[in-house]
Structures are given as C-alpha cells and as structure tokens.
Number of protein chains: 4
Amino acid sequence: MPQRYAYLGPQGTFTEAALRSVPDAYSAEHLPFATVPAALDALRRGEVDAAVVALENSVEGSVPTTLDELATGEPVQIVGEVHLPVSFALLVRPGTSFADIKTVASHPHAQPQCRRWLGEHVPDAEWRAATSNAEAAQHVADGHYDAALAGSFAAARYGLSTLAEDIHDIADAVTRFVTVRRPCPPPHPTGTDRTTVVAFIGEDHPGALLEILNEFAMRGINLTLIQSRPTGAGLGSYLFWMDFEGHVTDARVGEAMMGLRRVCADVRFLGSYPRADRVRPEIRRGTHDTDFTEAAAWLESVRSGQPHP
Amino acid sequence: MPQRYAYLGPQGTFTEAALRSVPDAYSAEHLPFATVPAALDALRRGEVDAAVVALENSVEGSVPTTLDELATGEPVQIVGEVHLPVSFALLVRPGTSFADIKTVASHPHAQPQCRRWLGEHVPDAEWRAATSNAEAAQHVADGHYDAALAGSFAAARYGLSTLAEDIHDIADAVTRFVTVRRPCPPPHPTGTDRTTVVAFIGEDHPGALLEILNEFAMRGINLTLIQSRPTGAGLGSYLFWMDFEGHVTDARVGEAMMGLRRVCADVRFLGSYPRADRVRPEIRRGTHDTDFTEAAAWLESVRSGQPHP
Amino acid sequence: MPQRYAYLGPQGTFTEAALRSVPDAYSAEHLPFATVPAALDALRRGEVDAAVVALENSVEGSVPTTLDELATGEPVQIVGEVHLPVSFALLVRPGTSFADIKTVASHPHAQPQCRRWLGEHVPDAEWRAATSNAEAAQHVADGHYDAALAGSFAAARYGLSTLAEDIHDIADAVTRFVTVRRPCPPPHPTGTDRTTVVAFIGEDHPGALLEILNEFAMRGINLTLIQSRPTGAGLGSYLFWMDFEGHVTDARVGEAMMGLRRVCADVRFLGSYPRADRVRPEIRRGTHDTDFTEAAAWLESVRSGQPHP
Amino acid sequence: MPQRYAYLGPQGTFTEAALRSVPDAYSAEHLPFATVPAALDALRRGEVDAAVVALENSVEGSVPTTLDELATGEPVQIVGEVHLPVSFALLVRPGTSFADIKTVASHPHAQPQCRRWLGEHVPDAEWRAATSNAEAAQHVADGHYDAALAGSFAAARYGLSTLAEDIHDIADAVTRFVTVRRPCPPPHPTGTDRTTVVAFIGEDHPGALLEILNEFAMRGINLTLIQSRPTGAGLGSYLFWMDFEGHVTDARVGEAMMGLRRVCADVRFLGSYPRADRVRPEIRRGTHDTDFTEAAAWLESVRSGQPHP
C-alpha cells in the first residue's frame, strides 16, 4: 500500500477531502503540491507513491490540466476513483457581513458552480481567480479579498468564519477524483469496474471517432465519459479521453481495445479500477468471456480442419 | 489427391465440363450422379473423394439445392472453385430445321439465360423442363422433344446436330462451380483466397444482418456474395450464405468469424480456397496480420502492467 | 376492382388456389397462363387487370423468375399478398400402389419440400421435372409418369387418385403470393403494411449494402425479406430485393427510400400493401410521422431565423 | 451592420485583437465586459448588437464558459468566426530582468500554453491566476506580481516592457473566436461554411452519440469539433457541442439536423457561418442538393402512382 500520497494543496482543498476518503490512504502521509502537474511529477520521480487528482465535475466538466497530464505526460496509471459531493461554503473574516463583500475569490472551477447563488446573494461583488480554493481562503485571511468559495472544512484552518454553507447552483453535483500510481498491473476485477483509455486520431481521418465508437457498441460496452482535447497539433487535431464499463481483463474489453489500437494513431491505456458508484454493467448476449473462449476454440477447430460442436 | 470425383451427370453436363478443368482431377475417375444431393451423399459416404457442384450463375443466381445441401446437410468443405463461361447450343436431331421446332427442353436454369434468344429464333416453341441439360438432349434423341439447350460438347454424345451455338442473352455470363471434400484442413493461403461461411440468425433478431455486415466492414473485408435462404422454420427465418475475400488463417478474417460466431445462433465454416479470378484483396490500414499481432502484444503488456512501446 | 386475373396455370396449381382466396377476385374471371412471365406480360399488355404470382416459399426460398420479372421487367406494382400453407398430395392413376411408383413428377420447387418424405415412402422412385405441378398431374394422367406431387385439389380435375395427403418435410411451411397490377397509386395504409423495393448497387461499391441496411436501421424499420439476385452484369453484380415493415406514405419509410435512391445506382418501388399476417410494426421513438413533421417545422424555423419551441 | 460590439475586456485582451480583425466591426463601437457571460447578457438585453467571444484554442481546448453560455443560456446565434495565432509576450515593469521574476500572472488558459517556456526561462517563478491576461498586466503595473503573460499589444496600454515575445510551447497554435448576435436568419451560404449545433442526449440512451455520428457520416458530413459538456444533471449526463462542414440550407445538412432533432432530447441550432480557413467540403456522391431534390421528386411520383424516370 502506498505510504505517501500527493494532492493539490494547500490543506483544505476538495482534493484533500477526497484523499481523506480513500481507505488505503488512511495511515499514509499526505503531501500537498501547488498544482496538479507538480503532484504528478512528484509521483513520476518517486517522491510519493500515489497522487489524488480531480478529473471531472458534474457541473464544470472535465479538468483539462488533469486530462492533458494523464493523456500526454510520462505514463502513470489510474488505480481507483472517489466521488465527492460538491458543496461550497462562503468563508469570510470574522465580522464580515454580506453587505461588506466586494470581492469573492475562488479557483476558476468553483465560480460557475455558484454563479446563480452569487448573483442572488452578493450581486455586486466581483469575482477573483485563485490558484485553488484554499489559496482563495488564504487571500481572504490576508485581507486581499473579502470572501472565498471553498470547502467548509477550510474555515478552521485559515481562521475564517462560514457566512453560508451548502452553496451550489445545481443539486447533487459531484466531483470525481482518481488515484494514480506509477505503471503497475491493474487492480483485480470486481465486476463493477471502469476502464480509461486515450485515443489519438491520426492525421485526417474524419470517420475515426465513428469507428472507435463502433468498436465499443458492437461489443455492448457503454461509454461513461467521452471528452475531446486538442493534441496541440492544430485546430481539428484531437485526442479522445474515454471511460467505459468493464475491466481490461474482460475479453470484450480486450478485443475492443485491440480494435482501437489498430484504428488509432496511438492508444494509451490509463487503467481499470473499481467504480465508485458500483454500477454493474449489463453484458450483452454473445459478449461474455465464455462466448469469446468458445468462439476462439471454434476458430481453432475450423482452421485445423477438426470437427467441432 | 482425390482419386474419384462425383459430378451432376449424365455425361455432357456443364458440371462435367467444369470438372474437366480442375487440374487435380485430370487423372482421377469421374462419376456421374443424377442430382447434386446424390453426388454429395456419395462424398459423405466415402464412395468418392470429392465432388464438383454448381454454386451460382451470373444470370440465374445461386443454385438453391447446392446452397441448401452445403449449408444444412452433413458437413463437407469447399477446397476450390472453377468459373465456366455460359454458352448454350441448340441441339436437334439431324435434319431438324428452326421451323420444325415446337418444343425446347432444358434444365430450368438454362431457360432464363436464353429467353430472349428463344423468343427471337423459335418464338412459337414451348419450353419443357428437364432434370439436366444432358437429360434434355437425351429426350430429344428419344424423340420426345424437338430441341435441347445444352453444352455443344453434348451433341456428339447423344447423336444430335448443333443448330445454333454460343446462345446466351447476356454476354460474359459465368457459372461458378466448387470442389468439395469431406472435412479437412483448408488449403494453404495463396494471397488471393475466398472464404465461405453460413450464418444462421437466431429467433427474432432483426438487426443481426447489420451486425454481421459490420463485423466484416470494420475489418475492411469485402463480401463477394451474400445470399439469403429460408431455414424452413417459417417465412422470415433465414440463413445467410456469405463469400468474402481472404483466408481463415488471416487474422482479420479469424476475428470477424469469431464475431459472427458470437452474434449468430450458429455459423458454419464452409472453406477457404483460391479464387478462380485471382483478385487480390486490398487490405485496409490496421488490418494486416502484423497489426493484429502488435495489438495483441500491446494488450498483453497493459494487462500485465509492463511498459510497452 | 379488377375484372380479369392472370395466374400460373393450368387449373389446379397452388397459384390458382391462392387466387381463389383473394376477396377482390371472387367474382372476377381467372385466366391461366403457362409461365409467370406470360401472366405478367398479359397484365402489361392490358389483357388482364391483375396477376397473382408466387414470390417466396418458407422452404424453397424466393422464386427467381418472379423476382427477376418484377425487379427488371416493365414496371408493375404489388397491391396485395396471400399466404398459403404448403401441403402436397401424391396423385396417381386409380389403382396405382406405392410399390408401382417408379417416377414422381413435380415442379422443381416441390421436390425439395418433400425430399425426405419421398426418401421414406418411395425410396426407389426417380424424380422428373415438370413445368408446373398441374402439368405433372397431366403427365401422370397421360401415363408418362407414375405419380405427381401437387395440391390435392388437382386430383379431381385430372381424374387421379390421392395416394397420400398433407406431404411436407417441414411443418407449417407457407408460400407467399402477391397480386400485381399495372402502375397505380398504392392502396391506403392499414397500419399493418409491407413495402417492397429493389435496390441496384452501382459498379464496385462494396459497402453499399451496409449503407442501405443503415438507412433502414436508423429509422427503426425492420426488413422482412432480403434477397440478392444477379443483375446479369457478371458474378459480383447484384440487385437486392427488400421487403420491409411500413407504408410508402409513412414519413420514416419515405425518408429511408429517398436515402436508398441517393445511395444506389437505381431503386425500383414495387408497392406498399397490407400484410397477410397483419403484424403491426413497433415504431421506434423519434420515428413517428409527428416526429418528422415536428423536425421539419423546426428546421424551417431555424433556417429562417425565427424563434422555435 | 452591428453598431456596438461587446468583448472580453479590459482593453488589450486577445479577444479585443480578434474583434479588431472583424471587417464588419471596423467602424463600430467596441465595448469591454468583465466576463464572457456579461458580454453575452449585454447582447441579449440589446445593449450591444454583437459580441466576440473565444470558443476554442488549439492547445488549451474549448472554452467551457463560452460553450456553456451559448449551449444553455438564452439563445443567441453565431454569425462569423475569426482565427487568431496564439503568441504571448512576457510583460514586466520597466527595469525588471528575468532574475527578478518571482511570480507570473495570467488567465488560467495562458499558463498551459507556455508551461514549458516558463520552466526553461523562469523555472523558479510561481504562477498566479488572473481573470484575464489584461488584468494580469494591470496587476503587474500595480506591483502585485512581477510579470504577466499577455498579448504584446497590451504592453503600451499598461506601461509595461516586453521582456520576451512570441512565447508558446507549440508552434502554430490558434485561438478561434466567434461573433454572435441575437437570433436572426443565418448568413447566406458561401460554399465554405461551418454549422454549429448542440445535442442534448436524453435520459439513459447509451448509444445516442453513435446514432448522432451516424446521421452525419451517412450523409458524408465531416465534424470539425465535437466536445462534450456536462448538463449539470449528474456525472454521465452530457450535451455535445458539434461543429461540422456545410450550411443549414444545404439539403444534406438539413436532413441530418432533422435526424438529430428526432434522436435527441433536444437540439439547439447555433448558426451557419463562413469558415475562417475557407476549407471547401468534399461533397459525397449522392448528397448534393440536386440528389435530394431528385429523390424527393421520385418519392412523390411513387407515392402518387405516377410513372417516374
């Protein structure tokens, strides 16, 4: 089990809250880093054994920095995931009232999730970007800004008061974090697994995405996330981040992934790991492991001219 | 090499002409049978080592009896094919002129290929069905009918004259015959091979044909023949006879066939064999054997957590 | 209502039995013709007002002559269909016993449907081809052959005895006949309709069949028959006869047919008509006529820059 | 022509540079707004006639705020686009040298595009988030930070010096901006147009994306951007922003859009407008406007029972 976990600090971030909910990390050391790339680089260099990073948010969408780092940086592997309900608190220096608030700071991801609430409660306040919500809280404590959107757990750490809690424009919003390690064998299948791959579409291959989706659809594999990102090689050149049901050791998943490997300019496998929501996939007729085993035995028999059942 | 070949007799049929063009059969014994099922049953019982049967005709279409026998009878295997140009002669008793002809006999397959010619040259003659063109010639020799449509090679055998030659409504018509044997390893790939399978669609599975075609299309495999036949289980229940480019030992063909095996209620492999027309398939990017080998090695490496190129 | 119907004669054929079950034909004149093409030509020339022809059989498959005549002859239109259970009788001259039977005659379509039965009951008899089952009965009456496979209704007409009844290798076999007329507006939709088209695939367009099936699948239209036939332009050049659920006035059917028209080298519409089995299609979400109407109104509004719901 | 254009200010942003390159805006009034939503709201309220907003960047990807505002806010319409090369300058107070730089501020989008350059040239500097690059420049002028990544055109305005120019990790990076207006008829087609729609996938419809891509693929329409965004209704509920070749008045585009309208829970049309790169689409056989017109005429004729060519 990992002894040292990296996370996006400082203390008091949602990432730290996510890390605290990872069972394997209970007795491990938690090390804050200033940015997601910094946390991942520490992992790559061996300074930590694992890192927890935010991947997507049900309101704000995927986190570009994380996707890009995992998709194109030196390879690491996702070994687990955590879903954390989104709920912000409005933190202020003790004594501050709503009427006093001229500026509200937060990570750029927090602002869109509370836009409506801010418009109703502090309509005249201006928003200010911070590198993390915890940094925003620090800025409030330092007197640079009047209020910060952050997790309520950050209040105590920065000596702030909670003026409002449970702030979010959309109920049931969730952020998904993943635990990543250096390349290693994937965790054993649990029956409720998710697999992540990144597909790089070659040159001018307009139909490639359709072919890729076909590889999954033909084997009854549902995608749970598809996200395009530019590869940096010009508008129109994309990679596709895809999360889907199943484990790389499932026959249907393995064959689909080999299909991607043949269709795409490149494919990066980013891991198979237990789903946080424990949703069990419906396996379509003809795509169980036994169906693949039987079909392979049949092919072997017809290739060799032997009788077969 | 087979010592005894069965064919649809009597002597003088097109099937015999096809058999005469099979190199492996030059020095073998040629045994005529009254029907295609009889020839195939002799093969199954071991009375002959091979049989040559007509499969499809570029005018009249596939030969239902042959398709059904190969698709659903006791298994045999196609090991080769022959293409024979279609060209009929009008055979009569010596002395017969066009004006004398009141009846023209032939196998039911010959009549539609010469309908227009008959309408122009013997517009008042009635057509009569015979079990084979050679039998039609025999009927003419016996005086039952006035003329027979048959291969010109049948004239001498039945003591008839050739009143017209090279009869066919459509130029370049071709009949395709196949050589079948008892189950055996397929002939080695030549690079210009064809493979035949029969796919049985299960119960009420309306989209199955689309799924099957997709298995081929995704791997760049062109079909050269697709023919539906009733399974006998009611209108709407079909099997599909499919000929396609490639050899069962090709990786792309093997994976497509495993896909069919998983999608279909049943699949029968009927053989991989050299194409008579020696057309070389265009192999799509990502579907060469080496692509499959590389993808399998990649999958193995990601499953085991090893680094990969 | 048609006053004169053509059918494949002579009297006593299954086609005549099918014609007798067509309500609109009860009080009409029934005219026998020697061949399906002859019946259809009489219709085209205006000598009759309608024709009833066999299209497919659940054992023997589609009837090539009918398919080819309707697909490529001068255009006519299918306006109705009849399903007739398949059941043969073995007709003999009075006094003939099973032991006396050396030859059994029938239309080539009848033989495969009774092959097993014949093998069990008259294993030594040879089969003889006749132009129709009724003609076979005539040949028996004339003493040329010993027995005929035909409908039991043919016995009285030809002065024959019925040695066995209800002969068929496969239970519940059915033959499907269609009523055709000269080009006319299709019958009104009934909610349980079938539509027939013939698609001609252009030159070397290997993926065309997949595209065609896609046009149907995308709109939730189930095919009830797909049958390839050579166009005569060489092995590998095919037309596809397709029967499917729905009526040409249904929006989803109309759009799919326009798709075929654009994809194919040519398309022939052969008619929309009530299904004999009255199976009601399941209409997929988003493909009701109202969905198409709504989508067209929406498109109109966005094209014109008007607000839309 | 619009008299007043909104843009993401303050003066000196890349958006202002983009706006300056819009021919129709040369003689119009340019009004800066603090955020993209603020600019769009001014448009909706009629305070301005048009707005220019950043949509995607070839390095950093799509701009979530813009996508979400256009996809789900009160409807507006895209009427044009501008591509602007990405090139940052490092702006400092006069006299500052590389060694003096402890902090570098920028909009969060700029940082990933210069990460490598920063690591090489100012490896010890910490990055600070700003609401816009121009604001970052203001912060530098105010002494809060040591350097700002911004367009070189911002230096003069904020009294700063340019310590380095043409900074970008990836050559040829481009940002795409769009001009939006209140709902109106789309600009006339130019032959090199792009169309934008947003597709909302209903409930649990796992195969919907494949169906949508099929609607485009079947009509030979290439997508130039596909981007998923959460709808806010939970992880796994997405909308898809899609840019594709062609104009809404093209028949193939119209029919594909009606297909989307029927398949999806909802579709929003965001505009057809000339492409900045003037790439002309390849129109696939069978998908020209004339093909659709011909097919519609054919359908009309077969529905009415009239002869057709």
Side-chain angles (χ1 to χ4, degrees), chain A residues 34-35 37 56-62 64-65 67-68 83 107-109 111-113 115 126-132 135 144 169-170 172-176 204 206-207 209-210 213-214 216-217 220-238 240 245 277 279, chain D residues 34-35 37 56-62 64-65 67-68 83 107-109 111-113 115 126-132 135 144 169-170 172-176 204 206-207 209-210 213-214 216-217 220-238 240 245 277 279:
Chain A
T35 63
E56 63 166 332
N57 177 284
S58 65
V59 176
E60 243 319 74
S62 58
T65 306
L67 292 191
D68 290 351
H83 290 185
H107 186 273
H109 261 277
Q111 191 263 352
Q113 303 188 52
R115 191 185 299 164
E126 288 190 1
W127 176 75
R128 292 288 182 266
T131 307
S132 73
E135 191 209 60
H144 293 138
D169 283 2
I170 292 179
D172 306 324
V174 166
T175 299
R176 181 176 158 228
D204 191 23
L209 179 58
L210 189 60
L213 295 184
N214 232 339
F216 290 111
I221 302 172
N222 287 329
L223 269 71
T224 56
L225 173 66
I226 178 167
Q227 191 67 30
S228 63
R229 293 289 303 156
T231 62
L235 287 180
S237 175
Y238 294 95
F240 288 92
E245 298 177 336
D277 55 15
V279 172
Chain D
T35 63
E56 61 165 334
N57 177 285
S58 64
V59 176
E60 240 323 71
S62 59
T65 305
L67 292 191
D68 291 350
H83 290 186
H107 186 275
H109 262 276
Q111 190 265 348
Q113 305 188 51
R115 191 185 298 162
E126 288 191 0
W127 176 75
R128 291 289 181 266
T131 308
S132 74
E135 190 209 62
H144 292 140
D169 284 1
I170 294 180
D172 305 324
V174 166
T175 298
R176 181 174 159 230
D204 191 23
L209 179 57
L210 187 60
L213 295 184
N214 232 339
F216 290 111
I221 302 170
N222 287 331
L223 269 70
T224 56
L225 173 66
I226 178 167
Q227 191 67 29
S228 63
R229 293 289 303 154
T231 62
L235 289 179
S237 175
Y238 294 95
F240 288 92
E245 297 177 335
D277 55 15
V279 172

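All chains are named by letter (A, B, ...) in the order of the sequence lines, taking the proteins before the strands, and each is independently numbered beginning at 1. Just so it is clear, the structure is predicted and the values come from calculations on it, not from any experiment. Computation of the quantities below employed the complete heavy-atom set of this structure, encompassing side-chain atoms and omitting hydrogens, waters and symmetry-equivalent molecules.
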- Under the side chain to side chain contact (heavy atoms under 4.5 Å, CB included) rule, what do D/I226 and D/L213 come out as? Steps first, then yes or no, please. CA-CA 10 Å; D/I226 178 167; D/L213 295 184; 4.1 Å; yes

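- Counting heavy-atom pairs closer than 4.5 Å to chain D, the top residue among A/A129, A/P37, A/A34, A/A130 is A/A129.
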- Before giving the answer on side chain to side chain contact (heavy atoms under 4.5 Å, CB included), spell out for D/R229 and D/D68 the whole-Å C-alpha distance, their side-chain angles and the decisive distance to 0.1 Å. CA-CA 8 Å; D/R229 293 289 303 154; D/D68 291 350; 2.6 Å; yes

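- Using a 4.5 Å heavy-atom cutoff, the side chains of D/T35 and A/W127 are not in contact.
- At a 4.5 Å heavy-atom cutoff, the contact between A/E135 and chain D is made by side-chain atoms alone.
- With a threshold of 4.5 angstrom between heavy atoms, D/F216 does not approach chain A through any atom at all.
- A salt bridge is absent between D/D169 and D/R115: the closest approach of a Lys/Arg side-chain nitrogen to an acidic carboxylate oxygen does not fall below 4.0 angstrom.
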